Amino acid sequence: MENFTDFFKKVEEKWQRIWEEKGVYQPEVDESKPKFFMTVPYPYVSGLLHLGSAYTYTRGDFIARYKRLRGYNVLWPQGWHLTGSPIVSRSYRLKMGDKKIIEDLISDGIPESDFKKLENPEGWAIYFMNLNREAFKKFGYSIDWRRELYTTYLNPWYDKFVKWQYRKLKEKNLITKGSHPVILDSKLKIVIGDHDRPDEYAGISYQEGIIIKFPLENKLGDIEGIFLPCFTLRSETIYGVTNIWINPSGKYVLAKVNSEYWILPNTIILEELRAQKFNVEIIREVSAEELIGKNAINPITKDKIPILPAKFVDIEIGTGIVMSVPSDAPYDYIALLDLTKDQEYSKIAEDCLRKMKPLFRLEGYSEFPARDIVEKLEIKSQEDRDKLEKATKEIYNKEFYNGIAREIYGKYAGKKVFEFKEEFEKEIIEEKIAVRYYTLPIRFVSRYNNKVIVGIVEDQWFLKYSDIEWKKLAHECVDGMFIYPENLKKVFHEYIEWYKDWACTHQKELGSTLPWDEKWTLESLSDSTLYTAFYTIYNLIKKIDPEKIGDDLFDYVFLGKGNKEELIRKYGEIIEEMRREFLYWYPVDIRTSGKDLIGNHFIFYIFHHTAIFPKELWPKGIIINGWVLTDGKKMSKSLGNYVSMKDAYEKYSVDALRFLIAYSGNSGLDDANLELSKVENAERYLMEWYSFCINNYNKGRVSEKLPVDLWFERVLYEKIKVIEMEYERLNMRNVINSIYDIDNSYKWYIKRCGEPHRDVINKYIIVKSIVLYPIVPHIVSEILERIGLDPLNPSWPYVEEVKDFENLDKREEYIRKIRDDISKILEIIRIEKPKKIKIIVARKEKYRNLKENYFIRNQEEELNILKDAATTISKEFYCDVDIDIEEKSSEEKSKKALPGKPAIIVI
RNA sequence: GCGGGGGUGCCCGAGAGGUCAAAGGGGUCGGGCUCAAGACCCGAUGGGCUCAGGCCCACCAGGGGUUCGAAUCCCCUCCCCCGCACCA
């Protein structure tokens, strides 16, 4: 069993060592050379990176190395993202002995003896940063590691940088303050993140809805003007309310809420209302019986509607009082149906069902979609929770996007729900019929054993992405950028338009605090927008005591503001150097990553650059790639095809992996298919190329070049042009396909000439090796060294243009056609080994009236070409080949010969 | 619903008005090499006809159109994937 892996691994180690020792990827400012600044968004290091990341970063390496070959002074720095909650959450959960986390760690091959280190966020972050850095190095990335940075207060320089950035944004009035809902522990009043709750509730977010206040028809006791507040996500269905639901076994109270009287359940909901700035004072208890059977008034339609009992009403959710829309809400429909079987309420329930109103026109449904779906899914009762959830979701979704309001909606009639809902809600809130409210879809307890509620924080900070002037700049930036694939420009513009203000601060997460309001931490998308600039000076700024760094340093280095002499006195000459580095490297020439970042990170990146920097420093290019499938399947732990970068480089040769990564796809939104099952083929392919090079370099015939020599040189020339274009766009699959084309042409070349020309074979070796270099730099470095070329400073091959003045392409095409015809004939007449092949060229007169552009002009020319081809054909078919002319031939078939289409006779 | 990406032969995937039955893989079948397997090499792989390099029909989600000519352009329909946010 052949196995080249060990050989490759040795070569890889060797070159990685040399690169590191010689610092070949640590570029210095050099005004005499054009610069190229390439970045890939840093990964979030909550664990080991997998082959999906490898795909993105390896593509980064392809372009970095390609640009180096093209003579650019290339900088590729890399960092790590630690900001946000997942690291905090995971380390916390590990500390608590969470099984899932332990399982994950074990499946990643993390030894249990290391777990202790991971039990705090800092330890976790450092640990995985180290492992992932190691993987990046093993993959051979040409990163300038002097500039390796990571985020959050754990890195005081980064922290200073982010704070500077946010002060700038605030100065420019791009930060605003507002209120924002958050999930809180009801007793401790602290924000409850995923790690503060049981696993099964991770990821549950609040819902935004409204409370509609239904006045009670009569007094309760001697109090008048009491409201039944109904929380709903579907305010627009208020026109179809037939009744109100309360839980028959629930405990309710009469409370004074602000200046009104409300009926509310005596539950955690009171606390939640208070957390949302309602002033709630309990007056007295009210039993469900006191309410059931009474009537309320629909505040919009003024209909009189009964209050009825329903078991499905959860007195801890919403307001514990529910408006019932049987026409469009499956729960309500089935509950009324249930109630028709009840002695006491059957009449009222039937009446309610009769009063159902058609609200929306919805294709595929009758005027009462709730009834339709209850029947379709065969929902039997309100206990049928799963089906009801599904039904509700379906109807809600369909009605929201496709439901057309009927006449009853007045000015909204004819519109779709999503078109008018926002305005409608605004209106009923202004009319004081309703109020905005947030709640949870399920009530659960925090790890501190208290129920969790939604509260409003009043001092939440926002990035003002709604700012029209800011949007304008962002659009302008996109317009001026190279975005590949090009059609994504439109998508970028749309996202810029669509963004509203972004809540940029969280609590209890890893990150940098907001400099003027230190209880807030900048959330993870918001602290990672401008750091590409920070890379340019990071290797230098680290020499300065972070304690001493003030905004004046950044103002000077990035914006050229401040008194230079004074600043030099304060920080030293180094700030001059920093300014120079920044101005040399900036702007970013290419930033490349996956399509998942388009709508978030890349938009932020653009916005913030336009806010802080002058136009000439705005980002210049973005290249987007798709997801990665491994062997045609989505990579996931449950499918068992999950491969971490660490697994991969330990098991396979990295050059083979890099080759497969290149071959897996082009830029764009399509998913790439990384065929790990082909890793051996890739190794073999590369190994064969390696042996070919060292065995053939400087070998071969030395003589006048034949037409076929020129033809192959021409192929090389043409292909290298194509490959250049594909590299610029990171269409790596196309690059490899072009290399395969070269290989196929070489095969034909050898068939045609037997022994290759020395110049030609050398050219082939150099061209293909260099073109492969960005993809498989280790083995190519080895090749270059073995054949006596500089492996540390390779440059893009210069191939002289070979013009097609000899009709080289058509000549070869002609010969190939003759060859194909012969094999077709052999097949049809079922001869395997011909004794002789006669090729008879058309008689002279037939050439007289040829089309202008035909490449063969006369009989002599065709004869020459055929004589040249005779050896090739004879070798291929193992027989003699006679070339003759029609004039002299005695063969009957010779008469059929035409110019460019000689008669072929096989004996 | 909006926005984006798609639907090509057994499968994956290129092609973006003629040179297109449609590149390249893979699979399958047949053959070669081999003690044998793998690897490698050659051939076949829509249907029908034709024992001399050939011809005819069908065909690129479905339907219609533009054109001398459409997988490619236009219109309609159907289907699939992704996003629609406060999260890395």
Side-chain angles (χ1 to χ4, degrees), chain A residues 1-2 41-47 81-87 89 180-182 193-194 203 205-206 208 363 397-404 415-419 460-463 465 485 487-495 497-506 509 523-526 528 595-601 603-604 624 626-627 629 631-632 634 663-666 668-671 673 675 677-678 680-681 684 688 733-734 736-738 740-741 744 747 813 817-832 839 876 893 896 901-907:
Chain A
M1 172 78 183
E2 291 174 284
Y42 44 39
Y44 186 75
V45 278
S46 54
H81 200 199
L82 312 184
T83 313
S85 65
I87 290 176
S89 159
H180 196 70
V182 285
D194 281 350
S205 192
Y206 57 84
E208 178 179 311
E363 217 179 283
N397 242 310
K398 287 200 170 154
E399 287 198 336
F400 183 70
Y401 292 120
N402 304 319
I404 297 168
K415 286 197 177 172
K416 291 186 174 161
V417 174
F418 76 95
E419 291 169 329
Q460 168 72 41
W461 295 93
F462 292 86
L463 280 160
Y465 290 148
N487 57 6
L488 289 179
K489 259 196 186 183
K490 216 168 107 190
V491 179
F492 276 82
H493 282 303
E494 258 154 29
Y495 270 114
E497 271 308 294
W498 166 75
Y499 261 99
K500 296 176 202 155
D501 291 348
W502 179 269
C504 63
T505 50
H506 286 178
E509 291 186 351
E523 63 81 45
S524 61
L525 285 169
S526 304
S528 306
K595 59 183 172 185
D596 46 328
L597 299 193
I598 297 173
N600 42 66
H601 167 70
I603 300 299
F604 280 43
I624 296 294
W627 311 110
L629 309 174
D631 294 312
K634 209 167 179 175
Y663 190 62
S664 67
N666 288 323
L669 302 179
D670 289 345
D671 294 343
N673 184 18
E675 293 183 277
S677 54
K678 295 281 160 57
E680 276 177 39
N681 300 45
R684 197 181 321 110
E688 276 170 12
R733 193 187 178 96
N734 291 352
I736 299 227
N737 276 330
S738 293
Y740 285 156
D741 287 348
N744 286 335
K747 274 189 205 156
E813 204 180 301
K817 177 81 176 130
I818 300 280
R819 180 221 160 257
D820 288 349
D821 282 352
I822 294 169
S823 50
K824 268 186 200 163
I825 292 167
L826 289 175
E827 180 143 341
I828 285 170
I829 62 175
R830 297 196 187 129
I831 292 181
E832 267 177 35
I839 303 175
E876 174 154 7
K893 191 142 194 282
K896 288 196 171 172
K901 183 119 176 113
I904 298 167
I905 294 150
V906 182
I907 305 163

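Keep in mind that what you see is a predicted model, and the values were worked out from it rather than measured. Chain letters run A, B, ... following the sequence lines, proteins first and then strands; every chain starts at 1.
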S.K.: Taking the P atom in each of B:rC78 and B:rC68, what is the distance between them to the nearest angstrom?
M.R.: 32 Å

S.K.: Any N or O donor-acceptor pair under 3.5 Å from the base of B:rG25 to the side chain of A:K678?
M.R.: no

S.K.: Out of B:rA88, B:rG1, B:rG4, which has the shortest distance to the side chain of A:V491?
M.R.: B:rG4

S.K.: For B:rC74 and B:rU19, measure between their C1' atoms and round to the nearest Å.
M.R.: 25 Å

S.K.: I'd like the C1' distance from B:rC55 over to B:rU77, given in whole Å.
M.R.: 38 Å

S.K.: Among B:rA88, B:rG1, B:rG4, which is the nearest nucleotide to the side chain of A:L525?
M.R.: B:rA88

S.K.: Just compare B:rG5, B:rC86, B:rG3 and give me whichever is closest to any side-chain atom of A:A503.
M.R.: B:rC86

S.K.: How is A:H506 classified with respect to the nucleic acid when contacts are heavy atoms under 4.0 Å: base, sugar-phosphate, or nothing?
M.R.: sugar-phosphate

S.K.: Is any side-chain heavy atom of A:K595 less than 4.5 Å from a side-chain heavy atom of A:D671?
M.R.: yes

S.K.: Starting at CG of A:D670, measure out to CH2 of A:W627 and round the result to the nearest 0.5 Å.
M.R.: 13.5 Å

S.K.: Is there a side-chain polar atom (N or O) of A:K595 under 4.0 Å from OP1 or OP2 of B:rG5?
M.R.: no

S.K.: Give me the distance, rounded to whole Å, that separates B:rC60 from B:rG54 when you measure between the P atoms they each carry.
M.R.: 25 Å

S.K.: Do the side chains of A:K901 and A:D821 get close enough for a salt bridge, i.e. N-O under 4.0 angstrom?
M.R.: yes

S.K.: Can you see if the side chain of A:H493 gets near the phosphate of B:rG3 - specifically, an N or O under 4.0 Å from OP1 or OP2?
M.R.: no

S.K.: Could you check how far OH of A:Y663 sits from P of B:rG13, rounded to whole Å?
M.R.: 12 Å

S.K.: NZ of A:K634 versus P of B:rC82: gap in Å, rounded?
M.R.: 6 Å

S.K.: Tell me the partner of B:rG30, counting only Watson-Crick (N1-N3 plus N6-O4 or O6-N4) or G-U wobble (N1-O2 and O6-N3) with both under 3.5 Å; none if nothing fits.
M.R.: B:rC42

S.K.: Compare all side-chain heavy atoms of A:W461 with those of A:D501 and state whether any distance is below 4.5 angstrom.
M.R.: no

S.K.: Now, which nucleotide makes the Watson-Crick or G-U wobble pair with B:rU72, with each of the two distances under 3.5 Å?
M.R.: none

S.K.: State whether A:S524 places a side-chain N or O below 4.0 Å from either non-bridging phosphate oxygen (OP1 or OP2) of B:rA88.
M.R.: yes

S.K.: Once you apply a heavy-atom cut-off of 4.0 Å, does A:V906 come out as touching a base, just sugar-phosphate, or nothing?
M.R.: base

S.K.: Stacking check: are the rings of A:Y44 and B:rA88 less than 5.5 Å apart at their centres and under 30 degrees in tilt?
M.R.: no

S.K.: Quick one: label A:I905 by what it contacts on the DNA or RNA (base, sugar-phosphate, nothing), any heavy atom closer than 4.0 Å.
M.R.: base

S.K.: Between P on B:rG1 and NZ on A:K416, what's the gap in Å once rounded to a whole number?
M.R.: 6 Å

S.K.: Find which nucleotide of RNA chain B each of A:L488 and A:L597 is nearest to by heavy atoms, and output the residue with the more 5' nucleotide.
M.R.: A:L488

S.K.: Centre-to-centre under 6.0 Å for A:Y495 and A:Y465, is that the case here?
M.R.: no

S.K.: Taking the same atom, P, in B:rA23 and in B:rU8, what whole-Å distance lies between them?
M.R.: 15 Å

S.K.: Could you tell me whether A:P902 contacts a base, only the sugar-phosphate backbone, or nothing, with contacts defined as non-hydrogen atoms closer than 4.0 Å?
M.R.: base

S.K.: Kindly indicate whether the side chain of A:K500, heavy atoms from C-beta on, has any atom under 4.5 Å from the side chain of A:F462.
M.R.: no

S.K.: From CG of A:N666 over to P of B:rA14, roughly how many Å is that when rounded to an integer?
M.R.: 8 Å

S.K.: Starting from the 5' end of RNA chain B, give me the residue, A:N734 or A:N600, whose nearest nucleotide shows up first.
M.R.: A:N734

S.K.: Looking only at atom P, what distance separates B:rG7 and B:rC73, rounded to whole Å?
M.R.: 11 Å

S.K.: Whole angstrom is fine here: how far is it from CD1 in A:I736 over to P in B:rG13?
M.R.: 18 Å

S.K.: Select base, sugar-phosphate, or nothing to describe what A:E208 touches, counting heavy atoms under 4.0 Å on all strands.
M.R.: nothing

S.K.: Counting the atoms with a prime plus P, OP1 and OP2 as sugar-phosphate, which does A:D820 contact under 4.0 Å by heavy atoms, base, sugar-phosphate, or nothing?
M.R.: nothing

S.K.: What integer number of Å spans the C1' atoms of B:rC11 and B:rG4?
M.R.: 27 Å

S.K.: Check every strand shown and say whether A:L669 touches a base, only sugar-phosphate, or nothing at a heavy-atom separation below 4.0 Å.
M.R.: sugar-phosphate

S.K.: Within the 3.5 Å criterion, strictly below it, is a donor on A:E675 or A:S664 matched to an acceptor on the partner's side chain?
M.R.: no

S.K.: Which nucleotide in the set B:rG1, B:rG3, B:rG5 lies at the smallest distance from any side-chain heavy atom of A:E494?
M.R.: B:rG3

S.K.: To the nearest Å, give me how far apart CZ (A:R733) and C1' (B:rG13) are.
M.R.: 6 Å

S.K.: With sugar-phosphate meaning primed atoms plus P, OP1 and OP2, does A:W627 contact a base, only sugar-phosphate, or nothing at under 4.0 Å between heavy atoms?
M.R.: nothing

S.K.: Taking the P atom in each of B:rA14 and B:rG25, what is the distance between them to the nearest angstrom?
M.R.: 15 Å

S.K.: Taking any strand in view, what nucleotide pairs with B:rC49 in a Watson-Crick or G-U wobble way, both distances under 3.5 Å?
M.R.: B:rG54

S.K.: Would you mind classifying the nucleic acid contact of A:Y499 as base, sugar-phosphate or nothing, using non-hydrogen atoms under 4.0 angstrom?
M.R.: base

S.K.: Let's go through A:H81 and A:S528 carefully: what are the C-alpha distance in whole Å and the side-chain angles of both, what is the deciding distance for side chain to side chain donor-acceptor pair (under 3.5 Å) to 0.1 Å, and is it a yes or a no?
M.R.: CA-CA 8 Å; A:H81 200 199; A:S528 306; 3.0 Å; yes

S.K.: Take A:T83 and A:E523 through the side chain to side chain donor-acceptor pair (under 3.5 Å) test and state the conclusion after the steps.
M.R.: CA-CA 7 Å; A:T83 313; A:E523 63 81 45; over 6 Å; no

S.K.: Do A:V491 and A:I624 come within less than 4.5 Å of each other through their side chains, counting heavy atoms only?
M.R.: no

S.K.: When you measure from the side chain of A:I825, which nucleotide among B:rA88, B:rG53, B:rG1 comes out closest?
M.R.: B:rG53

S.K.: Paired with B:rG9 by Watson-Crick or G-U wobble geometry, both distances under 3.5 Å: which nucleotide is it?
M.R.: none

S.K.: Heavy atoms under 4.0 Å, any strand shown: does A:S85 hit a base, just sugar-phosphate, or nothing?
M.R.: sugar-phosphate

S.K.: Atom CD of A:E523 and atom P of B:rA85: how far apart are they, to the nearest Å?
M.R.: 15 Å

S.K.: If B:rC84 has a Watson-Crick or G-U wobble mate with both distances under 3.5 Å, name it; if not, just say none.
M.R.: B:rG1

S.K.: Tell me whether the OP1 or OP2 atom of B:rC40 has a side-chain N or O from A:R684 closer than 4.0 Å.
M.R.: yes

S.K.: Of the listed nucleotides (B:rG5, B:rC84, B:rC86), which one gets closest to any side-chain atom of A:W502?
M.R.: B:rC86

S.K.: Specify the separation, in whole Å, of atom CG of A:N487 and atom C1' of B:rG3.
M.R.: 12 Å

S.K.: Remember a base hit wins even if backbone is also touched, and classify A:I822 as base, sugar-phosphate or nothing at under 4.0 Å, heavy atoms.
M.R.: nothing

S.K.: Which is true for A:D671 with a 4.0 Å heavy-atom rule: it touches a base, it touches only sugar-phosphate, or it touches nothing?
M.R.: nothing

S.K.: Which of these nucleotides, B:rC87, B:rG4, B:rC84, is closest to any side-chain atom of A:K490?
M.R.: B:rG4

